[in-house]
Amino acid sequence: MGYPYEDLDDSQFERLVVECMRELFGDGVQSFTPGPDGGRDARFHGTAARFPSTAEPWTQITIGQAKHTNATNAHFSDSDFSSTAESSVLSEEIPRIRKLVADDEVHNYILFSNRRLGGVTAPAIIKRLAEETGLDKYRIHLAGIEFIDATIQRYPDILRRARIDPLDGPLLVSSYDLAEVILAISKGLEAPLPPDDAPVVDRVGYEEKNRINGMTPEFAKVLKDRYLHETHRIKRFLADPSNADILRHYEGAVDEFQLKIIAKRKSYQSFDALFNYLVDLLFNRDAVLSRNRRLTRAMVFYMYWHCDIGETPDAAAQ
C-alpha cells in the first residue's frame, strides 16, 4: 500500500494509531491529549476483539504507543531508535514502561512506528523490552509500516476516522530529487573552475526580495556571505546540456518546494524560520543531504536567490 506516513505530523499519526487499535481491540480504546503521556498514547482495558487473534485475544490492560518519524525509509534497527544509547527512542521509553508495570497499569504493550521491521530486529527488540521492563515477551508487539499498511488495507475506514488530511499536516517536501542533484553537483563542482569564470551578479534585487518574503537583513547577509559565490557555479552546472537529467531533477524539486511553501507560508513568522526548517527537514529525511550539509544549504539558497522559491518582486506587485 505504501501510505506516506512520513508526511503526517505526530498528532495525525497518533490519531491513526488510536483508530488502528480501536479496530483491533474495540471501541473502548482511550486516547490521550497531546503532551507528556507517561509511555502511552492509547489504553484499552478488557478483552481484545481480534488481537493478536480471535482465538487467543489479549486481556486486561493494553497500552499502545506511537513513535512517528518524518524520515523516509526508517527502520526499527536504526541506532537512533533501538540502540542502547540513552538518547535512543527505546532507551527513553523503557523507564516509562517499567513504571507502568510497577503500577500494574500495563499487561500488554504494542509499539507502533512508521519504520520498517526486519525479522532479525523484531525478536531482539522484544527480548530487550521484556528483560528491561518485566513484561512477558508474548505480551509485546511491534507494529511497523508493514503491519500498519496491512491493517489499513483490511479496514480502510481507519483513515477517514483518523481525520487524515494532507493539508492539515506540516510543511514536508520530498528529498529524492534534491538528493540526486546534490550527488551530481558535489562531483561536478570538484572540477576546477576555468580562469575566466564570471563573477556572481546580484540579479534579483536581493534586498527587495528579502523584504517581500520577510527575511531579516541579518539572516540574509549571512546567507549571501556564505553561499552567494556558489550560485554561479551551480547555475553553470545546471545549464550544461550534458546535465539535462540533473536539471529535470532540480526542476522537480523546485516545483514541489514552491507549491508546498505557498501552501504553508503563513505558518512561519519569517523566511529565516522557513529556510532553517527546510534544511533541517532535508537533513533528517535523507542521508545524502545530511552528508552534504553545506552544499544542501547552498542549493536551497540558490533556489531562493534564483527566484525559484519564495515570492518575487514582480509576483508581489501583481
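Values below: all heavy atoms of this structure, side chains included; hydrogens, waters and symmetry mates excluded. Predicted model, so just to flag it, every value in this text is computed and none were measured.
Put simply, the side chain of N213 never gets that close to the backbone of M215: no donor and acceptor are under 3.5 Å apart. In terms of modelled atom types and a separation under 3.5 Å, the side chain of N243 and the main chain of F237 share a donor-acceptor contact. Under a 3.5 Å cut-off, the side chain of T151 and the backbone N or O of F147 do form a donor-acceptor pair. With hydrogens and angles disregarded, a donor-acceptor distance shorter than 3.5 Å links the side chain of Q12 to the backbone of D9. In this structure a side-chain-to-backbone donor-acceptor pair under 3.5 Å is present from R294 to R226. Side-chain atoms of N70 come within 3.5 Å of backbone N or O of E6 as a donor-acceptor pair. Counting only distance, with no hydrogens or angles, the side chain of R139 and the backbone of N108 share no donor-acceptor pair below 3.5 Å. Under a 3.5 Å cut-off, the side chain of R43 and the backbone N or O of T62 do not form any donor-acceptor pair. Panel note: side chain H107, backbone I61; a donor-acceptor pair is recorded below 3.5 Å. Between the side chain of T54 and the backbone N or O of A49, no donor-acceptor pair lies under 3.5 Å.
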Mind running salt bridge (charged side-chain N to carboxylate O under 4.0 Å, His left out) on R96 and E93 for me, showing each step along the way?
-> CA-CA 5 Å; R96 299 171 187 147; E93 206 60 33; 2.8 Å; yes
Verdict with reasoning, F25 to R50, per side chain to side chain contact (heavy atoms under 4.5 Å, CB included) | CA-CA 6 Å; F25 288 84; R50 55 177 66 91; over 6 Å; no
For I140 and I110, run side chain to side chain contact (heavy atoms under 4.5 Å, CB included): C-alpha distance rounded to whole Å, both residues' side-chain angles, the deciding distance at 0.1 Å, then the answer.
-> CA-CA 6 Å; I140 300 172; I110 179 168; over 6 Å; no
Check the pair Y250 / D308 against side chain to side chain donor-acceptor pair (under 3.5 Å), numbers first and verdict last.
-> CA-CA 10 Å; Y250 173 81; D308 290 329; 2.6 Å; yes
Between L178 and M303, does a side chain to side chain contact (heavy atoms under 4.5 Å, CB included) hold up when you go through it step by step?
-> CA-CA 11 Å; L178 188 60; M303 291 179 178; 3.8 Å; yes
Derivation and outcome, side chain to side chain contact (heavy atoms under 4.5 Å, CB included), residues Y302 and K235 = CA-CA 8 Å; Y302 176 81; K235 181 179 180 180; 3.4 Å; yes
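Classification of the F13-H68 ring pair by plane angle, with boundaries at 30° and 60°, yields tilted.
For H75 and F81, the gap between ring centers reaches or exceeds 6.0 Å. For W305 and Y206, the ring centers sit 6.0 Å or farther from each other. Annotation: Y304 is in aromatic contact with F271 [ring centroid separation under 6.0 Å].
Taking OG of S270 as the reference point, atom CZ of F275 lies at 12.0 Å (rounded to 0.5 Å). Annotation: the span from K127 atom NZ to L129 atom CG amounts to 11.5 Å, rounded to 0.5 Å. The line from CG of D157 to CD1 of I152 is 11.5 Å long, rounded to the nearest 0.5 Å. Going from atom CD1 of I145 over to atom OH of Y5 covers 7.5 Å, rounded to the nearest 0.5 Å. Of the inter-residue distances, the one linking I97 atom CD1 with E105 atom CD reads 14.0 Å to the nearest 0.5 angstrom. Rounded to the nearest 0.5 angstrom, D27 CG and M21 CE are separated by 12.5 Å.
K67 forms no cation-pi arrangement with F112, by the criterion of a distance under 6.0 Å to the ring centre and an angle within 45° of the ring axis.
For the pair A48 and P57, the tightest heavy-atom approach, listed with the atom from each and the gap, is O-CB, 3.3 Å. Closest non-hydrogen pair, S88 versus S79, comes out as CB-O, 3.7 Å. Taking both residues in full, the closest heavy atoms of F76 and S82 are given as O-OG, 2.7 Å, listed atom of the first, atom of the second, then distance. Across all non-hydrogen atoms, the minimal contact from V18 to D41 is CG2-O, 4.0 Å. Between V29 and A42, the shortest heavy-atom distance links the atoms CG1-CB, 3.9 Å. Looking at every heavy atom in both residues, L289 comes nearest to T296 through O-OG1, 3.4 Å.
A heavy-atom distance below 4.5 Å is not found between the side chains of H306 and I234. Contact annotation: the side chain of F301 approaches that of L228 to within less than 4.5 Å [non-hydrogen atoms, C-beta and beyond]. Looking at M299 and Y227, their side chains never come closer than 4.5 Å, going by heavy atoms from C-beta outward. Considering only heavy atoms from C-beta on, S91 stays 4.5 Å or farther from E132 through its side chain. For the pair R161/Y155, no side-chain contact is recorded, criterion being any heavy-atom separation below 4.5 Å from C-beta on. Counting heavy atoms from C-beta on, the side chains of D272 and E218 never come closer than 4.5 Å. In this structure the side chain of E14 never reaches within 4.5 angstrom of the side chain of S31, judged on heavy atoms.
Applying the side chain to side chain donor-acceptor pair (under 3.5 Å) criterion to R22, with sequence neighbours excluded, gives E19.
The existence of a salt bridge linking D80 and R115 is confirmed by a sub-4.0 Å separation between a basic side-chain nitrogen and an acidic carboxylate oxygen. Of the charged side-chain nitrogens involved, none lies within less than 4.0 Å of a carboxylate oxygen, so that R236 and D240 do not count as a salt-bridged pair. Salt bridge status for E131 with K137: absent, with no side-chain N to carboxylate O gap under 4.0 Å. Between E251 and R248 no salt bridge is recorded (no basic side-chain N to carboxylate O distance below 4.0 Å). With respect to R154 and E23, no salt bridge is recorded, no charged nitrogen being found less than 4.0 Å from a carboxylate O.
Checked options T133, L142, L135; the residue passing with Y109 is L135 (criterion: side-chain contact (heavy atoms from CB on, under 4.5 Å)).
Remark: R116 CZ is loosely packed, at most 12 non-hydrogen atoms of other residues, nucleotides or ligands lying under 6.0 Å away.
Between the side chains of R163 and S11, not a single donor N or O lies within less than 3.5 Å of an accepting N or O.
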